[in-house]
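Note that the structure is predicted; figures quoted are calculated from it, not measured. Convention: sequence-line order gives letters A, B, ...; per-chain numbering from 1.
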Amino acid sequence: MSSRRDFIKQASALVIAGCLAPDLVVGTAKSVAGQGNGKVRAVATDLCPEIAESLPPGVNMAVLFLDNHVQWAGHPEVSHQGSVSQDVLSNILNSLRSKGIEPIPAFNFSAAHDMWMGKYSRMLSSKPYYSFCKDLIAEAIDLFGRPRFIHFGMQDEGWEKQQNRDRIIYRQDKLWWSDLYFYISEAMGRCVRPWVWADSFWKDPDLFLKMMPRNVLLSNWSSTGSFADPADISVKAFGLLDAEGYDQIPASPSAVISNRTVTYCSETIHGEHLLGFISNARLND
Amino acid sequence: MIRNKDGKIWAFLLHVSFNMWEDCLNPEYPYRRYEPYLRVDDLLWEDAIDALAKAGANMLVLDLGDAIQYKRHPEIAVNGAWTVERLETEIKKLRSLGIEPIPKLDFSSSHDTWMGEWSHMVSTPEYYSFCRDMIDEISDIFCHPRFFHIGMDEESVRYQSAHQYVVQRLNGEWWNDFFHLKECVDSNGSRAWIWPDYMLWNQYFVFNRPGQFFVKMPKDVVQSNWYYSEEFDPINQNIQGYLDLNAHGFDQIPTGSFHRDNTANFGNTVDFCSKHIDSDHLLGFMQTVWMPTTEEYRWRIMESISLLGNAREKYYKRCSYKKQSK
């Protein structure tokens, strides 16, 4: 141990790993709600009526991608046929809370994952688009009773994930940041903390550190699921983001939070900046 | 109107608007960035038009973009944009010099920065209305011209690598929008004119859907394939485009440019295309320079006009020599 700081870091990592990994990885119901360390154990998933019954044991937060799955009062035109009514959504939220699960609203505003918006996905960064996003963010925050966080997705924006489509649209550089700031300001103006996937760090770490506000909650993940390659930017990101003081909820691109993610991140990220973990089976889709 | 005996078009493309490239600074091409003001110097404009008349040009394609204070969409006009009245005056002057004015708006998503916010709404009902409004208004101003150039070139992610906002339509998405634009032009009694490169070149090498262009592209759309180097070897896909368009019976106005160290390009374009394209389908030629119409680029613009004049003169000398030798 080279310093007291490293010792504390590693010791707290062991405590966190010990508390989280057995429940989340093995999936037993053992001491589901009583971890006592206040860490988030989240699952990111699309909203559906059965969500409260389908979450694995040990989960204490459900990050619900609402997208077009809700009958939006402000924008009914984007809701799909099987979308849930606001009454049903309210019942879902109550059911989750009664089980000790904190519901968090989420939208995917990445241009690679915004087909749910209908025509608005073809008018990014325009006045009607901003108005649409503003309305949905406000409505979701109201429906969730001013949640602690709101997740904006934002992963994979670029050519790569759209290369097989007949229509490719994405934002770059200042425009991507400018739109992100728009979502962030809509959340913070309502006293809700914004949260995004952090893969944009991989492309340009320096720019990311310069531009990403420190109060935005970040979820990075290992793109390969392996933590073996120390040069892998998706793995290095955990430590680099920690060194810059970001709060993180590391993600597992799988149905459950992987042991490796918990172990690596608990060793790498300072306890006070490691708010918990999240699984998202569709993160590498 | 200067009517050559063979009816060939000798066109030049001048930019009234130059907001057709990056929506931000691209250090490689700083002059191409969006600017919120008009980039036309009046003295150069007048000199260029006089030079065109002297060089025997009989058509001027005006790339209008956001350089006009349109009645229906004044919101896109840059500072200092021409009034509609000023544009009408220029149109009259061109006609008096024997030069046919033809409007151009580039609807390629790689070249639609001039649209302002509409360029962020491609393929939406709002966008389609905007396009129709623009084509209708400009057609009225030009008294329903013979042709209306709608651009449609270089629509790809590669050409937008430095753009902030990137859009690429492909296959059905591209054709659907193209046919909307063509219908707007048709309904104004004009003939649509395009750069065919995007769907023409891509069908050979990228999308593995052979024949899409030739199956879908209507024959009444005028094609301006383009090639800007000096060597004309049909192994090059850009050159092959001239031959394939001819083989499929399209009317063509081959295009050259003098925007780099390529003085021989336009002359060689005229030589190659007059030899390899059936005269009935070779409507003429177009020269351009791809620079703003500002004093900074005076030499290049005036030189490119003179290259057009030289190539034209050589072309007709060769024609008369052929007649004599027959």
Side-chain angles (χ1 to χ4, degrees), chain A residues 68 75-78 109-135 154-183 200 203-204 206-208 210-211, chain B residues 21-27 33-34 73 75-76 108-110 112-113 115-131 154-178 180 198-199 202-203 206-209 212 216:
Chain A
N68 56 352
H75 290 280
E77 72 276 15
V78 301
F109 288 132
S110 161
H113 302 291
D114 65 357
M115 301 260 277
W116 61 270
M117 290 182 191
K119 76 167 184 177
Y120 298 102
S121 70
R122 296 183 171 204
M123 40 173 75
L124 308 186
S125 319
S126 67
K127 285 190 197 89
Y129 173 81
Y130 292 129
S131 177
F132 168 77
C133 296
K134 181 188 178 87
D135 292 347
M154 298 302 282
Q155 81 277 28
D156 300 328
E157 185 144 339
W159 168 78
E160 295 84 354
K161 289 279 178 177
Q162 299 183 57
Q163 59 183 295
N164 295 320
R165 298 182 188 170
D166 279 357
R167 168 173 301 277
I168 295 174
I169 304 183
Y170 57 91
R171 298 156 292 190
Q172 300 194 114
D173 306 324
K174 285 178 192 153
L175 187 60
W176 187 89
W177 286 104
S178 160
D179 282 6
L180 177 69
Y181 291 159
F182 175 79
Y183 314 133
S200 54
K203 277 187 189 167
D204 190 343
D206 290 341
L207 182 67
F208 184 99
K210 191 173 151 192
M211 301 292 281
Chain B
W21 285 271
E22 285 81 6
D23 49 2
C24 56
L25 176 65
N26 176 354
R33 75 174 289 172
Y34 173 86
H73 288 286
E75 73 280 4
I76 67 167
S108 161
S109 65
S110 290
D112 62 359
T113 308
M115 291 183 193
E117 195 170 65
W118 304 102
S119 69
H120 289 199
M121 297 189 185
V122 174
S123 314
T124 62
E126 291 83 350
Y127 171 85
Y128 294 133
S129 291
F130 168 79
C131 296
E154 298 182 335
E155 179 155 327
S156 78
V157 167
R158 186 164 62 96
Y159 282 104
Q160 297 175 61
S161 59
H163 288 219
Q164 305 270 308
Y165 192 84
V166 179
V167 183
Q168 176 185 299
R169 295 162 291 190
L170 189 60
N171 299 318
E173 296 276 349
W174 190 90
W175 287 106
N176 182 56
D177 287 7
F178 165 75
H180 173 78
Y198 176 64
M199 291 308 280
N202 280 343
Q203 78 164 359
V206 182
F207 306 127
N208 198 24
R209 297 191 185 192
Q212 190 182 121
K216 293 193 171 204

How long is the span from the [atom1] atom in [X] to the [atom2] atom in [Y], to the nearest 0.5 Å?
X      : Y      : atom1 : atom2 : value
B:T124 : A:K119 : OG1   : NZ    : 7.0 Å
A:Q162 : B:L170 : CD    : CG    : 12.5 Å
A:D166 : B:E173 : CG    : CD    : 6.0 Å
B:N176 : A:R167 : CG    : CZ    : 9.0 Å
A:M123 : B:S123 : CE    : OG    : 10.5 Å
B:R158 : A:W159 : CZ    : CH2   : 12.0 Å

remark   = Tightest non-hydrogen contact, residues A:R122 and B:Y165, listed as O-OH, 4.1 Å
request  = Report yes or no: does B:Q164 contribute a side-chain atom to a donor-acceptor pair with the main-chain N or O of A:D173 at less than 3.5 Å?
outcome  = no
message = Quick check against the 3.5 Å criterion: does B:H120 have a side-chain atom that pairs as donor or acceptor with the backbone of A:S125?
response = yes
request  = Name the member of A:Q163, A:R165, A:K174 that forms the most heavy-atom pairs with chain B at distances under 4.5 Å.
outcome  = A:K174
inquiry  = Run B:E126 and A:K127 through salt bridge (charged side-chain N to carboxylate O under 4.0 Å, His left out) and show every step you take.
reply    = CA-CA 12 Å; B:E126 291 83 350; A:K127 285 190 197 89; over 6 Å; no
Side-chain touch A:P128/B:E117, heavy atoms, less than 4.5 angstrom = yes
Engaged part of B:S156 at the chain A interface, taking heavy atoms whose separation is under 4.5 Å = neither
